[in-house]
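Quick note on labels: first sequence line is chain A, next is B, and so on, each numbered from 1.
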Amino acid sequence: MNKVRTRMAPSPTGFFHIGNAKTALYNWLLARQTGGTFILRLEDTDAERSKVEYEQVVAEALTWLGITWDEGPGFGGNPDRGGYGPYRQSQRTELYRNEAQRLIDEGAAYRCFCTKEDLDAERQRAAGEGGHARYSGKCRALTPEEVAAKGNALYSVRFKVEPGVTEIPDLLQGTVRVDNKEFDDFIIVKPNGDAVFHLAVVVDDGLMKISHVIRGDDHLTNAARHVMLFNALGYDLPVFVHHPLVHDEHGKKYSKRLHGANLLDWREDGYLPEAIVNYLVLLGWAPSDDRELFSPDELIKEFSIDRMSLSAGKFDLKKVQWLNGQHIRRLSVEDLRDRLLPVMAKAGLDVGSKSPECLTRMTAICQEKIATLNDIVGMVDFFFVAPAEYEEKGVKKQWKKEDSMDRMQAIRDAMEGVGEWTVDALHAAYQALAEKAECGLGKFIHPTRLALTGKGVGPGLFELAQLLGKETCIERIDKGIEYIKAQCGEAPGEA
RNA sequence: GUCCCCAUCGUCUAGUCUGGUCGAGGACACCGCCCUUUCACGGCGGCGACAGGGGUUCAAAUCCCCUUGGGGACGCCA
């Protein structure tokens, strides 16, 4: 096989779609595992919708995922990278015009003087007759004299579709055959001189020597047009791999309007890029064994086109969450801590007020409990600020019982008595407490948790108390006692 | 409507090419139980699928055909 050259060719017309990410991943994976080249190309031929800031978004999304490109456009005034540039289609218009002219000269394309209005009317009529709209081909037969007679009239360039059958060599789908009569003579250059997508991709893929075109199967029909163009232009045909689209939970193409359609939504929601990479790849590919947890490096090693799936996968939030939790657990504490810091800071927690050791410890006692980075906030907020209020359910259960006050007093005393403030010492103190009262540990642990954190759930109590420090713990127990006096004093619970 | 693609538990899938080892395996979710100071994590168990119909064959989830269902494409968007 010749050197593998794959590309990702998004159009910078908005955010980076989750489906684009999946496509980018397969292209990147193949390039990386074969020692090939991965190319980023910006398909910005639609000047109406393409915007420079969206290019930035593409780069940011790819970078977040850990996808690096070997060739591609320069950003922020930097030069392009790679010997097949430029990598922005808007900078390749000359190339397209020349190739289009070549097609005209060789009789494979022709000028069409029909106006948009003409065509719309034609389409309307066709729709009314139930048939589907297609160009009549009326300019195809224009003689050179007739063309000359048009003078400076605007024209588009159409590709001449010849009768026959076009075969799309697709590594995943097998060879797909389409009868050319399914196509009308499609436009390859707009009247303003800009290339249409079909011409641009083919010229680019051909000239950039792309070996594998891996993309969503919404392009499968387009591929037939592209094959015709490749052949007419005399370029080597790449191998195609059309993979199924990512579907939403209802089985439709994942809509742009859905949360999560924007790849960066996942970063926002506290997901690890490696988890998203893992999930996305698994959505259209399966390993030969039962493993499901893969690091990007492992994916590079294991990925293969022949184990990609043919049917579309619905996006399953629960599974991504699970996978994210798995990846979180696999991180080193320090790594996890560093990823958690910005999340905490963004939530308003003053991380600067804690020592690195303290933050590491905080991370350690939560690592098993969080599914997303964002989950950390509710797990550690009480380390930064004393609880302003207590969870209603907890108060009812822990502080409104007849013996609640006695327990809290006993807890306070026990804490006072703890010499070295360690997890083990605390554990021992509570055990003694429980034994004396002849009940389970929980009877003392839960009221304590409520006083210290204001909540019913969180990290292990002894670990959290140890980190909080003796003084703070006793302070918060006192506050709890005051609260019970004030709120629950006159109205002891029925139990 | 036309063309193209697809079809195994609720979901993602293994198994299909090279029929028998599949009384269909794994994972998420769900439901129990265990562990346990909560929530998680972890462990154990349960529920749960070859879309339907015809063939071919000694034998079909696997091969062929039809039906049905789903998706995608039919732009001077990409």
Among residues 367-375 of chain A, which ones have heavy-atom contacts with RNA chain B below 4.0 Å? A/Glu368, A/Lys369
Looking at RNA chain B, which of residues 214-226 of chain A put a heavy atom within less than 4.0 Å of it?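 Those residues are A/Asp217, A/Asp218, A/His219, A/Leu220, A/Thr221, A/Asn222.
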Gap in Å between the two [atom1] atoms, one belonging to [N] and one to [M], rounded:
{"N": "B/rC63", "M": "B/rG19", "atom1": "P", "result": "9 Å"}
{"N": "B/rC33", "M": "B/rA59", "atom1": "P", "result": "47 Å"}
{"N": "B/rA14", "M": "B/rC58", "atom1": "C1'", "result": "28 Å"}
{"N": "B/rU62", "M": "B/rC74", "atom1": "P", "result": "34 Å"}
{"N": "B/rC44", "M": "B/rC35", "atom1": "C1'", "result": "11 Å"}
{"N": "B/rG42", "M": "B/rC6", "atom1": "C1'", "result": "38 Å"}
{"N": "B/rC64", "M": "B/rG75", "atom1": "C1'", "result": "39 Å"}
{"N": "B/rU18", "M": "B/rA29", "atom1": "C1'", "result": "35 Å"}

Could you check which nucleotide pairs with [N] in any of the strands shown, counting Watson-Crick or G-U wobble with both distances under 3.5 Å?
{"N": "B/rG69", "value": "B/rC6"}
{"N": "B/rC35", "value": "none"}
{"N": "B/rC30", "value": "B/rG46"}
{"N": "B/rC76", "value": "none"}
{"N": "B/rG19", "value": "none"}
{"N": "B/rU62", "value": "none"}

Do [X] and [Y] meet the criterion of a side-chain donor-acceptor pair at a distance under 3.5 Å?
{"X": "A/Thr360", "Y": "A/Arg337", "value": "yes"}
{"X": "A/Ser90", "Y": "A/Asp44", "value": "yes"}
{"X": "A/Asn222", "Y": "A/His219", "value": "yes"}

Starting the side chain at C-beta, find the nucleotide from [options] nearest to [X].
{"X": "A/Ser11", "options": "B/rA78, B/rU37, B/rA29", "answer": "B/rA78"}
{"X": "A/Leu310", "options": "B/rC6, B/rC76, B/rG72", "answer": "B/rC6"}
{"X": "A/Lys318", "options": "B/rU37, B/rC28, B/rU38", "answer": "B/rC28"}

Sugar-phosphate, base or nothing in reach of [X], heavy atoms under 4.0 Å:
{"X": "A/Leu441", "result": "sugar-phosphate"}
{"X": "A/Arg49", "result": "base"}
{"X": "A/Cys112", "result": "nothing"}
{"X": "A/Pro10", "result": "nothing"}
{"X": "A/Thr115", "result": "base"}
{"X": "A/Gly458", "result": "base"}
{"X": "A/Leu323", "result": "nothing"}
{"X": "A/Lys455", "result": "nothing"}

For the residue pair A/Trp266 and A/His259, does the interplanar ring angle fall in the parallel (under 30°), tilted (30 to 60°) or perpendicular (over 60°) class?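 Rings of A/Trp266 and A/His259: tilted, as their planes differ by 30° to 60°.
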Is the A/Trp285 ring parallel, tilted or perpendicular to the A/Phe303 ring (thresholds 30°, 60°)? tilted
Counting N and O atoms only, with roles assigned by atom type, does the side chain of A/Asp248 sit under 3.5 Å from a partner on the main chain of A/His250, one being a donor and the other an acceptor?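 At least one qualifying donor-acceptor pair exists.
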Using the test salt bridge (charged side-chain N to carboxylate O under 4.0 Å, His left out), find all partners of [X] that sit at least two apart in sequence or belong to another chain.
{"X": "A/Lys190", "value": "none"}
{"X": "A/Glu167", "value": "A/Arg177"}
{"X": "A/Asp185", "value": "A/Arg140"}

Provide a list of protein-nucleic acid N or O atom pairs under 3.5 angstrom, restricted to nucleotides 11-18 of chain B.
residue, atom, partner, partner atom, Å
B/rC12, OP1, A/Lys314, N, 3.1
B/rU13, OP1, A/Leu283, O, 2.8
B/rU13, OP1, A/Ser309, OG, 3.3
B/rA14, O3', A/Arg307, NH2, 3.2
B/rG15, OP1, A/Arg307, NH1, 3.1
B/rG15, OP1, A/Arg307, NH2, 3.3

Donor-acceptor contacts under 3.5 Å from residues 423-430 of chain A side chains, at least two apart:
residue, atom, partner, partner atom, Å
A/Tyr430, OH, A/Thr448, OG1, 2.8

Cation over ring, A/Arg225 on A/Phe186, under 6.0 Å and within 45°?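 Yes; both conditions hold, so A/Arg225 lies above the ring face of A/Phe186.
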What are the atom names and distances for every N/O pair under 3.5 Å that joins the protein to nucleotides 42-51 of chain B?
residue, atom, partner, partner atom, Å
B/rG42, OP1, A/Gln326, NE2, 3.3

Send over the distance from [X] [atom1] to [N] [atom2], rounded to a whole Å.
{"X": "A/Asp204", "N": "B/rA78", "atom1": "CG", "atom2": "C1'", "result": "13 Å"}
{"X": "A/Arg291", "N": "B/rC28", "atom1": "CZ", "atom2": "C1'", "result": "18 Å"}
{"X": "A/Leu199", "N": "B/rC77", "atom1": "CG", "atom2": "C1'", "result": "15 Å"}
{"X": "A/Glu182", "N": "B/rG72", "atom1": "CD", "atom2": "P", "result": "19 Å"}

Just to confirm, is there a sub-4.0 Å distance from OP1 or OP2 of [N] to any side-chain nitrogen or oxygen of [X]?
{"X": "A/Lys190", "N": "B/rC77", "value": "yes"}
{"X": "A/Lys252", "N": "B/rG70", "value": "no"}
{"X": "A/Thr45", "N": "B/rC77", "value": "no"}

Hey, are A/Glu292 and A/Lys319 close enough for a salt bridge, meaning a charged N less than 4.0 Å from a carboxylate O? yes
side-chain hydrogen bond (donor to acceptor under 3.5 Å, both in side chains): pairs with one or both residues in residues 452-465 of chain A, sequence neighbours excluded: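 Pairs touching residues 452-465 of chain A that pass the test: A/Asp381-A/Lys455.
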Just to verify, which of A/Asn180, A/Asp179, A/Asn231 counts as forming a side chain to side chain contact (heavy atoms under 4.5 Å, CB included) with A/Thr166?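 So the option named by the test is A/Asn180.
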Can you sort out the partners of A/Tyr87 under side chain to side chain donor-acceptor pair (under 3.5 Å), two or more places apart, ordered by chain and number?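 Only A/Glu71 meet the side chain to side chain donor-acceptor pair (under 3.5 Å) criterion with A/Tyr87.
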Test of understanding: with side chain to side chain donor-acceptor pair (under 3.5 Å), list the residues that count as partners of A/Gln321, not counting sequence neighbours.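 Side chain to side chain donor-acceptor pair (under 3.5 Å) list for A/Gln321, sorted by chain: empty.
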For A/Ala9 and A/Gln173, take the nucleotide of RNA chain B holding the closest heavy atom to each; which residue's nucleotide lies nearer the 5' end?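 The 5'-side residue here is A/Gln173.
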Just to verify, what does A/Asp170 make a side-chain contact (heavy atoms from CB on, under 4.5 Å) with, not counting sequence neighbours?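 Only A/Leu172, A/Gln173, A/Leu220, A/Phe240, A/His242 meet the side-chain contact (heavy atoms from CB on, under 4.5 Å) criterion with A/Asp170.
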